[in-house]
Amino acid sequence: MSGYDDARTAARALATEAVHAGRDDLARQGLHAPPIDLSTTYPSYDSRAEAARIDAFAATGAEPDGPPVYGRLGNPTVARFETALAKLEGTDAAVAFASGMAALSAVLLVRASMGLRHVVAVRPLYGCSDHLLTAGLLGSEVTWTDPAGIADALRPDTGLVMVETPANPTLAEVDLRAVAHACGSVPLLVDNTFATPVLQRPAEHGARLVLHSATKYLGGHGDVMAGVVACDEELAGRLRQVRFATGGVLHPLAGYLLLRGLATLPVRVRAASESAAELARRLSADPRVARVHYPGIGGAMVAFEVKGDPHEVIAGVRLVTPAVSLGSVDTLIQHPASISHRIVDADDRRGAGVSDRLLRMSVGLEDVDDLWADLDQALGGVSVRAAGRSADEGAAGRPEPAGAH
Ligand SMILES: Cc1ncc(COP(=O)(O)O)c(C=O)c1O
């Protein structure tokens, strides 16, 4: 290895990796921006060599050396994003998909193909993840439990334990080290969408699979839909094989946008988290707000229960965008019981702590005083109508650390 390569591969801080990982070869190629390879197929005059490459992929799922054979086997631009995300999460590999749900589906299919159809999961999860498991759409069977019940819920056919922390939408947190310990040899999947590797690297705590809806913070600008699983090379190989066979690939342009998004991820997450913490403080002190949820590890998401009608707040915002999703440069607010978690049975939803008065806000990069001014006027209507109401009010006056689960 040359001195040049030594310098390039030495351990580097997260902020440095965010800008450079997946791009280390560019300068040597005389490039600055990564090229976008839109090819769906890759010509070769040597079909014997192609046969050997396909056999190798079928055996291990390892990325073929050289160019891919066909776009569903891999894409060089997407591979740059995968390399970078694996670096940020501290895993061997990462495998990208067309959406977060495609990524979760691939994980379930990998485990089911090994005869391990049972999943142990902790609520709340993102509404559609909950739905995918509850409805058994991919033939899985789920046992819902709290973190303390994981060890007892495991069965010989349990293929996966799944948690989100901080969880969507209540921002409940789990102790990842304790959960990983309870899983024994069963792989733990942590949905790290809300924390991002800037705030939390679940693989360091024993998670074998780290999932992202890359649609959120990794992309960061609300203009790319994607999912990714960071994991060891063995599981990555199986995930690539499932992706090849089922087709949920990421488009190369999305791969390019995600790589660009990663470069600013630490800066965006830290700046938005500062504003979110300040808004959580102001909301906690506001008499129109019954309860504020803000994670102990920080982050750019805030959830709060209003004393009045949450639909009035959604109707009242002007600077904040009333929309589902999260992780964009602009602040979004939505009512989980109506949108992100609508598909979850109402009793299950409420049982998981998702109150009908809960609003979930993804704080962006606007000035915090402008955001507060908008929230203040949107909450204004609530306070008038809320007078005299007392339903499910919690303790106001302090942000609630999102608790053990
Ligand atoms: C925590 C979490 N996981 C997974 C998903 C699913 O991701 P996608 O919408 O990219 O399929 C979402 C989407 O909101 C989410 O919030």
Side-chain angles (χ1 to χ4, degrees), residues 78 81 85 89 94-109 119 121-135 137-138 160 162-174 176 189-197 199-200 202 207 209-230 243 246-251 254-255 257-258 261 269 293 295 297 299-303 321 323-328 332-344 349 352-354 358-363 402:
V78 171
F81 162 65
L85 197 268
E89 287 290 3
V95 185
F97 294 88
S99 69
M101 292 314 301
L104 177 57
S105 297
V107 172
L108 295 176
L109 290 171
V119 177
V122 175
R123 278 189 167 123
L125 297 179
Y126 163 58
C128 203
S129 303
D130 185 313
H131 171 63
L132 180 62
L133 294 174
T134 303
L137 293 177
L138 293 171
L160 193 70
M162 178 169 181
V163 301
E164 272 180 30
T165 181
N168 186 353
T170 60
L171 308 179
E173 291 171 278
V174 301
L176 282 179
L189 182 152
V190 175
D191 187 324
N192 203 30
T193 300
F194 276 30
T196 84
L199 299 177
Q200 166 178 279
L209 297 141
V210 182
L211 184 140
H212 284 270
S213 168
T215 313
K216 319 301 189 207
Y217 290 101
L218 305 189
H221 296 74
D223 56 4
V224 54
M225 187 133 234
V228 63
V229 182
R243 182 176 64 179
T246 60
V249 292
L250 185 68
H251 191 273
L257 289 171
L258 288 168
V269 168
H293 304 247
I297 63 162
M301 300 296 298
V302 182
T321 304
V324 74
S325 201
L326 57 122
S328 187
L332 308 180
I333 194 166
Q334 64 108 19
H335 181 229
S338 296
I339 309 184
S340 64
H341 290 69
R342 186 69 187 173
I343 200 156
V344 179
R349 193 171 63 224
V354 185
L358 185 77
L359 292 165
R360 190 196 73 189
M361 186 164 64
S362 164
V363 179

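One-based numbering, in listed order, for ligands and for the atoms of each. Here the structure is a predicted model, which means the values were calculated and not measured.
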Short N/O distance, under 3.5 Å, between [X] and ligand 1?
{"X": "Leu326", "result": "no"}
{"X": "Glu164", "result": "no"}
{"X": "Ser129", "result": "no"}
{"X": "Phe194", "result": "no"}

- Taking C-beta and beyond as the side chain, do Glu89 and Asn192 meet within less than 4.5 Å on heavy atoms? yes
Quick one: does any side-chain atom of [X] pair with a main-chain N or O of [Y] as donor and acceptor, under 3.5 Å?
{"X": "His221", "Y": "Leu257", "result": "no"}
{"X": "Arg360", "Y": "Ser325", "result": "yes"}
{"X": "Glu164", "Y": "Tyr126", "result": "yes"}

- For Asp191, the salt bridge (Lys or Arg N to Asp or Glu O under 4.0 Å) test, sequence neighbours excluded, returns none
List every atom of ligand 1 that sits less than 4.0 Å from any heavy atom of [X], numbering the atoms from 1 in the order shown and giving each element.
{"X": "Met225", "answer": "9 (O)"}
{"X": "Ala226", "answer": "10 (O)"}
{"X": "Thr193", "answer": "1 (C), 2 (C), 3 (N)"}
{"X": "Lys216", "answer": "9 (O), 12 (C), 13 (C), 14 (O), 16 (O)"}

List the closest protein heavy-atom neighbour of [atom]: residue, atom name, distance to the nearest 0.1 Å.
{"atom": "atom 16 (O) of ligand 1", "answer": "Asn168 ND2, 3.0 Å"}
{"atom": "atom 10 (O) of ligand 1", "answer": "Thr215 OG1, 2.7 Å"}
{"atom": "atom 6 (C) of ligand 1", "answer": "Tyr126 CE2, 3.6 Å"}
{"atom": "atom 4 (C) of ligand 1", "answer": "Asp191 OD2, 3.5 Å"}

- Within reach of ligand 1, part of Cys128 (heavy-atom separation under 4.0 Å): neither
